[in-house]
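Have a look at the structure below, then the notes.
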Amino acid sequence: MKFIAAIDVMPIKEILDPQGKAVMLGLGNLGIQQIDTVRIGKHISIQLDAADEAEARTKIETACSKLLANLIMEEYTFTLQAL
Amino acid sequence: MKFGVVVFPGSNCDDDTVFALRYNLKQEVVKLWHKDHDLQGCDFVILPGGFSYGDYLRSGAIARFSPIMNEVVAHANRGGYVMGICNGFQIVCEAGLTPGVLLRNNGQKFISKNIYLKSQTPHSMLTAGLDPDRALKIPIAHAEGRYFADADTLKALNDNDQILFRYCDADGQMTDAANPNGSLENIAGVCNAHRNVFGMMPHPERAADAALGNTDGKLILEQLLAVLPASF
């Protein structure tokens, strides 16, 4: 079966995200007010083959925890969809 | 002592490191290609600076899975010496050989300039012979050098005396203004709990030759020779 995983990797809340902070300033300059926070992360899309959803989930979990996110500085979430 | 300098695609301080070890320190040194599976009998492995794999995903994250890293990690786990400089520090952190991680500089910019640092512990091979009161002038060149670790890890680093270097000013004062990138507690370098893996963001190999007008980096690299016999 083919699956597609939609993965979001975000900096953890404890650490300063200077990119998000800079973009927040830019949004203020654009005239958009009352913004509380801006955090910037990555969106990763992976298409893969797996016998079933459980196997696909295990593969994506491994990919996220070992390579796509560094859990000292980032957290990840993903959704999986059968194609 | 035989040194090995690992070359990843995108490494760019490999030749500087080889030069400093071979010509300034008169040591035997070989380059180790990242696809190799053999450390060629090296006693000391150095992961040099650069932009391995274009810094894609996160600095050091992809290099950590290069074939030779299996051997480097095994070498470190056997008690063998490993040192990561700049991108090499990012790689040893990604590989879990040293605690913590290097985040994007708090000012968002790539910083290339001389900074000052001071040795923080007599209990590591790299810093034991350095004058703890002397501010050493060493260049930095990085965009991701903001050292970060969670509170428990930071406490353990302090409790176990694993912090090798802190950023300071020319007078040796460890102030916020002397911290170039926002690193926690001005940390510029750390070692692992077993004290055989070292990581630092500044580049001692770029300040190891009199022709460059600064040999403070040579003082740091010479420490590696102090406790082990020279190979020739």
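Labels below follow one simple rule: chain letters A, B, ... track the order of the sequence lines, proteins then strands, and each chain is numbered from 1.
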Any side-chain heavy atom of B:Arg146 within less than 4.5 Å of one from A:Leu16? yes
Below 4.5 Å, heavy atoms only, C-beta onward: do A:Asn70 and B:Glu94 meet side chain to side chain? yes
Report yes if some heavy atom in the side chain of B:Leu57 is under 4.5 Å from a heavy atom in the side chain of A:Leu67; otherwise report no. yes
Please look at A:Glu74 and chain B and tell me whether the side chain, the backbone, both or neither of the residue comes under 4.5 angstrom of a heavy atom of that chain. side chain
Answer yes or no: are there more than 12 heavy-atom neighbours, outside B:Asp176 itself, under 6.0 Å from its atom CG? no
Is it the case that atom OH in B:Tyr56 sees more than 12 heavy atoms from other parts of the structure closer than 6.0 Å? no
Evaluate the side-chain proximity of A:Met73 to B:Arg58: yes if any heavy-atom separation is below 4.5 Å, no if none is. yes
Looking only at atom types and distance, does a side-chain atom of B:Arg104 sit under 3.5 Å from a main-chain N or O of A:Asp17, one as donor and one as acceptor? no
Determine whether more than 12 heavy atoms belonging to other residues, nucleotides or ligands lie under 6.0 Å from atom NZ of B:Lys31. yes
For A:Ile44, is it the side chain, the backbone, both or neither that has a heavy atom under 4.5 Å from a heavy atom of chain B? side chain
A:Ile72 CD1 to B:Leu103 CG distance, which is reported to the nearest 0.5 Å: 9.5 Å
